[in-house]
Amino acid sequence: MTTQTLSYEVSDLDFETAVLDRSLDVPVLLDCWAPWCAPCRSLGPILDKLVEAYGGRFVLAKLNTDESPQVAQAMGIRSIPQVTLFAGGRPVDQFLGALPEGQIREFLDRHLGPAKEPPEAEPAWGPLDEAEALIADGALAEAQALLDTIPEAERDERHGRLAKRLALAASAPAGDPVALAARIAANPKDFDARFTLAALHAHRGDFADAFEQLLDIVLRDKADWREKARLQMVEWFEVCPDPEVVSHGRRYLGMYLN
């Protein structure tokens, strides 16, 4: 619905069809005004703004009382601006004077419900977003090709993280996760098995399980394996795409080291 059809002039001649009959289909807000009326001139732009903001949930009819004395007399208008809301072929509510926008919205909302806010614009989908999606889908060659197209001068910190994540996903560590899990079950301090299993998890993008294996090393060992696990976690914090998983890992790493 265009702005022109949302707002229009009415007179004695077409008041019945343009206001009463039309209010059977859509609420009609009738603005009774006159050119000499200063409050009317300040109210008009506010009503024009609101009829667009409500997106066709009502229409605005403007009646010049000087040029339409019959309607003015029939409605008993003694003071302007007078604004009346028509619905179902009859007046349902009105207000007098040039109210501020907030109060007029409250008036409209009582009968129409609040105006819908415009939807937020979708964030722009850039090459790094596409590269991250390709990595998640396992399309590593396509992701690498896309990262390579970004000029050196435009490669930021996120580009570096994605490059590291891609390198991790592209380098499959040796080891059978079932056999490694069996070794750990038999000996919880088999740190070599835990470290290798963590690498397999990280390669698949399962950083939550990878961090759990490394945290277990940090908790159980007090020497070389502990430091090795700590350094590996810090490195993977940079490439893990889930901030909650990273936060959990950082929190427990700090707890276990203290």
Side-chain angles (χ1 to χ4, degrees), residues 1-133 146 150 154 156 158 243-244:
M1 188 177 289
T2 65
T3 302
Q4 185 176 4
T5 58
L6 287 175
S7 177
Y8 53 90
E9 303 287 340
V10 297
S11 66
D12 285 341
L13 297 178
D14 62 355
F15 176 81
E16 184 173 351
T17 56
V19 176
L20 299 182
D21 290 348
R22 190 164 188 190
S23 73
L24 297 173
D25 300 320
V26 60
V28 178
L29 193 68
L30 178 66
D31 175 24
C32 298
W33 68 287
W36 48 265
C37 169
C40 298
R41 292 196 297 272
S42 65
L43 178 64
I46 298 176
L47 297 180
D48 288 336
K49 173 185 175 182
L50 290 175
V51 75
E52 292 189 42
Y54 279 72
R57 295 168 60 210
F58 75 93
V59 294
L60 176 63
K62 302 178 181 182
L63 179 81
N64 184 335
T65 56
D66 287 353
E67 297 177 355
S68 303
Q70 294 179 17
V71 172
Q73 183 178 6
M75 293 185 63
I77 296 175
R78 294 182 175 80
S79 176
I80 55 175
Q82 175 176 305
V83 181
T84 305
L85 182 66
F86 287 80
R90 61 184 182 84
V92 295
D93 203 353
Q94 72 175 27
F95 66 84
L96 299 174
L99 298 182
E101 180 180 332
Q103 292 185 29
I104 299 174
R105 283 182 178 271
E106 291 177 2
F107 171 87
L108 292 169
D109 292 350
R110 286 199 300 270
H111 302 283
L112 308 175
K116 294 182 179 179
E117 296 297 328
E120 294 185 5
E122 290 290 332
W125 182 262
L128 294 181
D129 300 295
E130 186 175 351
E132 186 164 11
L146 184 57
I150 300 175
E154 299 178 13
D156 56 10
R158 185 183 180 195
E244 291 188 8

query = Which residues pass the side chain to side chain donor-acceptor pair (under 3.5 Å) test with E101, sequence neighbours left out?
reply = K49, R105
key: Nearest-0.5 Å distance, CZ of residue R110 to CG of residue D93   = 5.5 Å
key: Crowding at CD, Q70 (>12 non-hydrogen neighbours, <6.0 Å)   = no
task = Please test R158 against D129 for side chain to side chain contact (heavy atoms under 4.5 Å, CB included), starting from the C-alpha separation and ending with a verdict.
result = CA-CA 10 Å; R158 185 183 180 195; D129 300 295; 3.1 Å; yes
key: Test applied, side chain to side chain contact (heavy atoms under 4.5 Å, CB included); reference residue, L29; option that passes from L60, V19, V59, V51   = L60
Cationic N near anionic O, under 4.0 Å, R57 to D109 = no
key: Separation between CG of L47 and SG of C40, rounded to the nearest 0.5 Å   = 10.0 Å
request  = Kindly give the heavy-atom pair with the smallest separation between V10 and L30, and that separation in Å.
outcome  = CG2-CD1, 4.0 Å
ask   = Are L99 and I46 close enough that some pair of their side-chain heavy atoms sits under 4.5 Å apart?
value = no
message = Is there a side chain to side chain contact (heavy atoms under 4.5 Å, CB included) between L112 and F58? Walk through the geometry before answering.
response = CA-CA 8 Å; L112 308 175; F58 75 93; 3.6 Å; yes
message = Working to the nearest 0.5 angstrom, can you tell me the gap between I80 CD1 and W36 CH2?
response = 4.0 Å
query = Given C32, which of T65, L96, V83 fulfils the side chain to side chain contact (heavy atoms under 4.5 Å, CB included) condition?
reply = T65
note = To the nearest 0.5 Å, atom CD of Q73 lies from atom CZ of R78 at 10.0 Å
ask   = Of all heavy-atom pairs between A87 and V92, which one has the smallest distance, and what is that distance?
value = O-CG1, 4.0 Å
note = Minimal heavy-atom distance between V71 and S11, with the atoms involved, is CG2-O, 4.4 Å
task = Of all the heavy-atom pairs spanning P39 and A98, show the shortest one and how long it is.
result = O-CB, 3.5 Å
message = For E67 versus D12, what's the shortest heavy-atom pair and its separation?
response = O-OD2, 4.3 Å
remark   = What one should report as the nearest heavy-atom pair of Y8 and A18 is OH-O, 2.6 Å
key: 4.5 Å side-chain heavy-atom contact, W33 and N64   = yes
note = CD (E130) and CG (L146) are apart, to the nearest 0.5 Å, by 5.0 Å
ask   = Does a sphere of radius 6.0 Å around CD in Q103 hold more than 12 heavy atoms from other residues, nucleotides or ligands, not counting ones at 6.0 Å or beyond?
value = yes
message = Less than 4.0 angstrom from a charged side-chain N to a carboxylate O is my criterion; do K62 and D48 meet it?
response = yes
task = Please report the C-alpha distance between I104 and L43 in whole Å, then the side-chain angles of each, then the deciding distance to 0.1 Å, and finally whether the side chain to side chain contact (heavy atoms under 4.5 Å, CB included) criterion is met.
result = CA-CA 10 Å; I104 299 174; L43 178 64; 3.5 Å; yes
